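Quick caveat: nothing in here was measured; it's all calculated off a predicted structure.
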Amino acid sequence: MGTITIDTIKEIREKVREKQTQKRFEHTLGVAYTATCMAFLNDVDPLKAELAGLLHDCAKCYTDKELISMCRRDGVYVSEDELASPAVIHARYGRYMAEKEFGITDIDILNAIDSHTTGRPCMSTLEKIIFTADYIEPLRDKADDLGIARKLAFTDLDECVYEILHSTIGYLGGKGAPIVSGTIRAHEFYGDIHDKRVKGVKGTVPLTPLTPPDTNYRKKGDRMNTELTTAEIVKEIYKALEDKKASDISIIDISELSVVADYFIIASGENTRQTAAIADNVEEALGKLGIDYKQIEGRDSANWILMDYRDIIVHIFDKENRLFYDIERIWKDGRKIVDVSEL
């Protein structure tokens, strides 16, 4: 699909109307409307936001059983924890439908559809808008924190995302319902932003993160037993990545863009066996220097391993997921370090 026009919006709106029940379509229109309003405030193309809102639930017309079957048929990846929480699977297949049936090629729109139920770390502004709009659109009336979320949506988008994730995890945890790892990762990521603001601005103790109920998550204390500077630690991580033949190593200085970290380091492995070995080598190399990670996520599947060293976050992907999540594009406004010796 090329340029998005009003005619494009009208055409897709009618196609979606034909697929959805009246109640579902009214929700869809509410999300599209809310997303468009938020787009104006956040310097996002309002037509892209409206289109993503219209398509976010395009696969909601199918039952969970049908969606699982179609994902398997069409090669759409669904994790084991998502199979245990099938209410989120329509987002996965919705991305596929948006591309194959509706002709959407814009990766930001596709990612927004894909992440609108669970969230994920490092969401683009459009992704955060659709994730939030789905929660706060005018017809929603169940969540206890709707008033807070609706105000935050138009004043502090990152804090709003955190509020929604924190509320969702608390609600699901209170019911004893499973929580997918994508939501846990997103909660930790935006919780970090929240906590740093609370510490830096108000000087109070941050909220204690909820402990995830799976083995895909590991966490240590907040020790950093080293005299090395952040730049020197980046160099050590780069060396550890190279030692295990990591490919396409990218270092992005995001210190001027976000409080979550100073640097993102992104690397790829040929397969999950190599990504796991790369992560092990980074952990071992920094451990010898007295540097403990704050948390490591994704080791079980090993298709995306996130290593949080406070001011430095390391992302190790297999090749397919590196292309899928495209973190470099999301953080394209950061300063790319071409030569590690520049640090």
Looking only at side-chain N and O atoms, does [Y] offer a donor or acceptor that is under 3.5 Å from a partner on [X]?
{"X": "Tyr93", "Y": "Asp74", "result": "yes"}
{"X": "Ser124", "Y": "Asp108", "result": "yes"}
{"X": "Ser268", "Y": "Arg322", "result": "yes"}
{"X": "Thr105", "Y": "Glu99", "result": "no"}
{"X": "Asp158", "Y": "His194", "result": "no"}
{"X": "Ser115", "Y": "Glu127", "result": "yes"}
{"X": "Asp81", "Y": "Ser181", "result": "yes"}

Name the one of Asn111, Asp106, Ile107 that satisfies side chain to side chain contact (heavy atoms under 4.5 Å, CB included) with Ile109?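 Answer to the side chain to side chain contact (heavy atoms under 4.5 Å, CB included) test with Ile109 among Asn111, Asp106, Ile107: Asp106.
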
For the aromatic rings, using the six-membered ring if either is Trp, is the centroid distance between His187 and Tyr162 under 6.0 Å?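 His187 vs Tyr162: aromatic centres under 6.0 Å.
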
[Y] and [X], any side-chain heavy atoms less than 4.5 Å apart:
{"X": "Ile68", "Y": "Leu83", "result": "yes"}
{"X": "Lys23", "Y": "Leu139", "result": "no"}
{"X": "Val76", "Y": "Met70", "result": "no"}
{"X": "Leu306", "Y": "Val314", "result": "no"}
{"X": "Met307", "Y": "Leu286", "result": "no"}
{"X": "Cys160", "Y": "Ile164", "result": "yes"}
{"X": "Thr275", "Y": "Asn303", "result": "no"}
{"X": "Asp311", "Y": "Tyr263", "result": "no"}

Before accepting this row, confirm whether a basic side-chain N of the pair [X]/[Y] lies closer than 4.0 Å to the acidic partner's carboxylate O.
{"X": "Arg17", "Y": "Glu14", "result": "yes"}
{"X": "Arg299", "Y": "Asp280", "result": "yes"}
{"X": "Asp192", "Y": "Lys294", "result": "yes"}
{"X": "Glu101", "Y": "Lys15", "result": "no"}

Flag yes if more than 12 heavy atoms outside Lys244 fall under 6.0 Å of its NZ atom; otherwise flag no. no

Glu26 atom CD, neighbour heavy-atom count above 12 within 6.0 Å: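 Correct, the count exceeds 12.
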
Set out, in order, the CA-CA distance, both residues' side-chain angles and the distance that settles side chain to side chain donor-acceptor pair (under 3.5 Å) for His90 and Asp64, then state yes or no. CA-CA 8 Å; His90 71 278; Asp64 293 343; over 6 Å; no

Would you sort out whether Glu11 and Asp7 count as a side chain to side chain contact (heavy atoms under 4.5 Å, CB included), showing the intermediate values? CA-CA 6 Å; Glu11 180 183 347; Asp7 288 338; over 6 Å; no

Nearest 0.5 Å, please: how far is CG in Asp292 from CD1 in Ile296? 9.5 Å

With rounding to the nearest 0.5 angstrom, report the CG to CZ distance, Leu51 to Phe102. 9.5 Å

Test log, rule side chain to side chain donor-acceptor pair (under 3.5 Å), inputs Asp145 and Tyr135: CA-CA 10 Å; Asp145 65 338; Tyr135 191 86; 2.6 Å; yes

Judged by atom type as modelled, is there a donor-acceptor pair below 3.5 Å linking the side chain of [X] to the main-chain atoms of [Y]?
{"X": "Glu137", "Y": "Leu29", "answer": "no"}
{"X": "Ser69", "Y": "Lys65", "answer": "no"}
{"X": "Asp156", "Y": "Glu159", "answer": "yes"}
{"X": "Thr34", "Y": "Gly30", "answer": "yes"}
{"X": "Arg95", "Y": "Ile113", "answer": "no"}

Run the side chain to side chain donor-acceptor pair (under 3.5 Å) test on Thr8 and Thr5 for me, step by step, so that the C-alpha distance in whole Å, both residues' side-chain angles and the decisive distance to 0.1 Å come before the verdict. CA-CA 5 Å; Thr8 306; Thr5 66; 3.0 Å; yes

Minimum heavy-atom separation for [X] and [Y], please, with both atom names.
{"X": "Asn281", "Y": "Ala240", "value": "ND2-O, 2.9 Å"}
{"X": "Arg120", "Y": "Tyr190", "value": "O-CE1, 3.5 Å"}
{"X": "Asn42", "Y": "Met38", "value": "ND2-O, 2.8 Å"}
{"X": "Glu232", "Y": "Leu228", "value": "OE1-CA, 3.3 Å"}
{"X": "Leu343", "Y": "Ala231", "value": "CB-CB, 4.0 Å"}
{"X": "Arg92", "Y": "Asp114", "value": "NH1-O, 2.6 Å"}

Give a yes or no on whether Ile291 and Ile312 share a hydrophobic cluster (residues Ile, Leu, Val, Met, Phe, Trp, Tyr; joining criterion: side-chain heavy atoms under 4.5 Å apart). yes

Name the atoms and distances for all side-chain donor-acceptor pairs under 3.5 Å in residues 332-339, with sequence neighbours left out.
from   : atom 1 : to     : atom 2 : distance (Å)
Arg335 : NH2    : Asp253 : OD2    : 3.3
Asp339 : OD1    : Ser341 : N      : 3.0
Asp339 : OD1    : Ser341 : OG     : 2.8
Asp339 : OD2    : Ser341 : OG     : 3.0

When you look at His315 and Phe264, which way does the ring pair (Phe, Tyr, Trp, His ring centres under 6.0 Å) test go after all the steps? CA-CA 7 Å; His315 300 270; Phe264 275 179; 4.9 Å; yes

Contact list for residues 3-53, test ring-ring contact (aromatic ring centres under 6.0 Å, His included), sequence neighbours left out: His27-His56

